[in-house]
Undergrad: 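Can you keep this structure in mind? I'll have questions shortly.
All ligand and atom numbering here is 1-based and tracks the order in the structure.
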Amino acid sequence: MNALAATNRNFRHAARILGLDSKIEKSLLIPLREIKVECTIPKDDGSLASFVGFRVQHDNARGPMKGGIRYHHEVDPDEVNALAQLMTWKSAVAAIPYGGAKGGIGCDPTELSTSELERLTRVFTQKIHDLIGIHRDVPAPDMGTNSQVHLFLYLYIPCMHATFSYSSNEQTMAWILDEYSKFHGHSPAVVTGKPIDLGGSLGREAATGLGVFFATEALLGECGKSISEMKFAIQGFGNVGAWTAKFIHGVGGKVVAVSDITGAVKNPNGIDIPALLKHKETTQSLKDFQGADAMDTNDLLVHECDVLIPCALGGVLNKENAADVKAKFIIEAANHPTDPEADEILSKKGVVILPDIYANSGGVTVSYFEWVQNIQGFMWDEEKVNCELKKYMMKSFHDIKAMCKAHDCSLRMGAFTLGVNRVAHATLLRGWEA
Ligand SMILES: NC(=O)C1=CN([C@@H]2O[C@H](COP(=O)(O)OP(=O)(O)OC[C@H]3O[C@@H](n4cnc5c(N)ncnc54)[C@H](O)[C@@H]3O)[C@@H](O)[C@H]2O)C=CC1
Ligand SMILES: O=C(O)CCC(=O)C(=O)O
């Protein structure tokens, strides 16, 4: 089932549980605006290349629209539409004053040079700059816009030509900020997840992983268990996967398997995550890591473990593999990793699934803190950011549990009913339902 059909199905199920009026149900389902732009850039070899970019602005009843921008070869309008809708419910679940949006460009960022990526990002920003804005739509990082970009500074010193290399994880957001500011004046709050030197927030880089960690702790605690007694398998070792693994390893949780696009590794006694991070940083790959055995990447999702954390693509858990999943808990750090058919199979097996619109909401929550700091012109310290994040994650977990109790439903429907109800209420208060 495609991402949009799956998201719509979950929304309709929640609308039924809440007994929403059909007019308001329809108005919440249809996105406010769908933008499609062609971005043509000169490649480094002088040839021209065109890429299609999307920004879907789903809903703004609760505030400016908010959501990441993804660079991936599989980006398509339906998927961006689904991800934008998920952002609306996610912001509402987290109780932050935003609506939902998402963007993407159909490209393989690993095939583009740094200067080609910069040109592409700037052209995309030129095409959408009048439709985004501090109080309108605030982009952020997502898959492929988090990765390290290496910038080379050439510094000429007499008798010596020295090359200095600088790398940044937040470079894509810095380019968007710079390009947008050419049209509208310096506007740090137009984008979040940007470098600290340009007004980024301390703690934003780790925030989604830290939020996943707090969410996991809350769920396991509710079941009388703790992270330190559990075995984890993690799919994806980018921004979200790597930080999640680091936090889990930090409190004694055993990460027994990790995969990314380059391969997969396993160790039943637990992988040394700091060593794996160092290996990845040096080689850009999980291959040839000495502290674990190589395994087939396709086996990661069905690997022997207590807790499975997908941190990469959508739709990875489906009717083909759901019956073989060994984990008792699934924490959805990725967006829509579980399609509805898999959801049904896993639920019948008694697997507890913590849904994406709660589990990965740490990223957008700290994006909100970043936006607030930019608007206030006052920077928080990292301890304040992390303490506030914990408070938000705990509060929404309890709010979701209350919905589950009230409607006798799964955690996914608890989160969906919580989010949809808050957006429906804001819509009614504004008088938009007609
Ligand atoms: N970055 C953020 O703040 C947030 C991200 N998310 C979601 O988390 C997921 C991951 O995002 P990021 O970590 O930011 O992206 P990223 O680009 O930093 O990392 C993605 C990771 O997935 C791996 N990957 C790609 N295809 C794979 C495959 N077929 N098998 C195994 N691994 C594969 C990549 O190698 C990389 O390690 C996405 O679903 C994203 O929408 C959700 C909330 C916030
Ligand atoms: O940080 C943000 O504003 C949005 C992050 C995002 O795209 C997501 O939660 O899926």
Undergrad: Is Lys246 paired with Glu205 through a side-chain N to carboxylate O contact shorter than 4.0 Å?
TA: no
Undergrad: May I ask you to check whether Arg70 has an N/O atom sitting below 3.5 Å from an N/O atom of ligand 1?
TA: yes
Undergrad: Under 4.0 Å, heavy atoms only, figure out whether ligand 1 is touched by the backbone of Cys311, its side chain, both or neither.
TA: backbone
Undergrad: Could you list the atoms of ligand 1 found under 4.0 angstrom from a heavy atom of Ala334?
TA: 8 (O), 9 (C), 39 (O)
Undergrad: Can you sort out which atoms of ligand 1 are near Phe237, meaning under 4.0 Å from one of its heavy atoms?
TA: 37 (O)
Undergrad: Do Asn360 and Val240 have side chains that get closer than 4.5 Å, going by heavy atoms?
TA: no
Undergrad: Is it true that Arg122 and Asp178 make a salt bridge, defined as a side-chain N closer than 4.0 Å to a carboxylate O?
TA: yes
Undergrad: Got a salt bridge between Lys328 and Asp306, using NZ or NE/NH1/NH2 to carboxylate O under 4.0 Å?
TA: yes
Undergrad: Would you say Pro141 has any N or O atom under 3.5 Å from an N or O of ligand 1, going by distance alone?
TA: no
Undergrad: Could you tell me whether Lys194 and Glu370 have a side-chain N and a carboxylate O separated by less than 4.0 Å?
TA: yes
Undergrad: Are any of the heavy atoms in Gly363 under 4.0 Å away from ligand 2?
TA: yes
Undergrad: Give the atoms of ligand 2, by number and element, whose distance to some non-hydrogen atom of Lys90 is under 4.0 Å.
TA: 8 (C), 9 (O), 10 (O)
Undergrad: Is the contact between Asn335 and ligand 2 made by the side chain, the backbone, both, or neither, using heavy atoms and a 4.0 Å cut-off?
TA: side chain
Undergrad: Would you kindly say whether Ser285 and Thr283 are connected by a side-chain donor-acceptor distance under 3.5 Å?
TA: no
Undergrad: Indicate yes or no: does Glu281 engage Lys278 in a salt bridge with an N to O separation below 4.0 Å.
TA: no
Undergrad: Hey, is Asp343 close enough to Arg9 for a salt bridge, meaning N to O under 4.0 Å?
TA: no
Undergrad: Hey, which atoms in ligand 1 end up nearer than 4.0 Å to a heavy atom of Ala333?
TA: 7 (C), 8 (O), 42 (C)
Undergrad: Hey, does Lys66 have a side-chain heavy atom less than 4.5 Å from the side chain of Ile96?
TA: no
Undergrad: Which is closest to atom 6 (C) of ligand 2 in terms of heavy atoms, Lys102, Arg70, Lys66?
TA: Lys102
Undergrad: Distance under 4.0 Å to a non-hydrogen atom of Asp260: what atoms of ligand 1 satisfy this?
TA: 31 (C), 32 (N), 33 (C), 35 (O), 37 (O)
Undergrad: Between His58 and Leu28, does a side-chain contact (heavy atoms from CB on, under 4.5 Å) hold up when you go through it step by step?
TA: CA-CA 8 Å; His58 176 255; Leu28 292 184; 5.6 Å; no
Undergrad: Which of these, Gln235, Met143, Glu332, has its nearest heavy atom closest to atom 11 (O) of ligand 1?
TA: Met143
Undergrad: Could you check whether the rings of Tyr180 and His184 sit parallel, tilted or perpendicular, using 30° and 60° as the cut-offs?
TA: parallel
Undergrad: What about Gly238: any of its N or O atoms under 3.5 Å from an N or O on ligand 1?
TA: yes
Undergrad: Could you list the atoms of ligand 2 found under 4.0 angstrom from a heavy atom of Ala140?
TA: 1 (O), 2 (C), 3 (O), 4 (C)
Undergrad: Compute the shortest N/O to N/O distance between Gly68 and ligand 2 and return yes if it is under 3.5 Å, no if not.
TA: yes
Undergrad: How many angstroms lie between atom OG of Ser181 and atom NE2 of His129, to the nearest 0.5 angstrom?
TA: 12.0 Å
Undergrad: Where on Leu313 is there a heavy atom closer than 4.0 Å to ligand 1, on the side chain, on the backbone, on both, or on neither?
TA: side chain
Undergrad: His336 near ligand 1, heavy-atom distance under 4.0 Å?
TA: no
Undergrad: Which is it for Asp142 and ligand 2 at heavy atoms under 4.0 Å: side chain, backbone, both or neither?
TA: side chain
Undergrad: Measure from atom 3 (O) of ligand 1 to every heavy atom in Thr208, Thr145, Thr110 and give the option owning the shortest one.
TA: Thr208
Undergrad: Report the member of Val258, Val316, Asp142, Leu86 with the shortest heavy-atom distance to atom 41 (O) of ligand 1.
TA: Asp142
Undergrad: Among the heavy atoms of Thr297, does any lie under 4.0 Å from an atom of ligand 1?
TA: no
Undergrad: Look at Glu79 together with Arg70 and state whether they make a salt bridge at an N to O cut-off of under 4.0 Å.
TA: yes
Undergrad: Heavy-atom distances under 4.0 Å decide this one: backbone, side chain, both or neither, for Arg204 against ligand 1?
TA: side chain
Undergrad: Hey, can you tell me if Tyr358 and Phe397 have their rings parallel, tilted or perpendicular (30° and 60° cut-offs)?
TA: tilted
Undergrad: Does Ala264 approach ligand 1 within less than 4.0 angstrom via side chain, backbone, both or neither, non-hydrogen atoms only?
TA: neither
Undergrad: Here's a test for you: under side chain to side chain donor-acceptor pair (under 3.5 Å), which of Thr172, Thr110, Thr121 qualifies with Tyr71?
TA: Thr121
Undergrad: Report, in ascending order of atom number, the atoms of ligand 2 lying under 4.0 Å from any heavy atom of Ser367.
TA: 1 (O), 2 (C), 3 (O)
Undergrad: List every atom of ligand 1 that sits less than 4.0 Å from any heavy atom of Ser259, numbering the atoms from 1 in the order shown and giving each element.
TA: 31 (C)
Undergrad: Going by distance only, is there an N or O of Asn335 that falls short of 3.5 Å from an N or O of ligand 1?
TA: yes
Undergrad: For ligand 1, which atoms sit closer than 4.0 Å to a heavy atom of Gly144?
TA: 17 (O)
Undergrad: Is the shortest distance from a Lys or Arg side-chain nitrogen in Arg119 or Asp44 to a carboxylate oxygen in the other one below 4.0 Å?
TA: yes
Undergrad: Would you mind finding which of Met143, His336, Arg204 brings a heavy atom closest to atom 5 (C) of ligand 2?
TA: Arg204
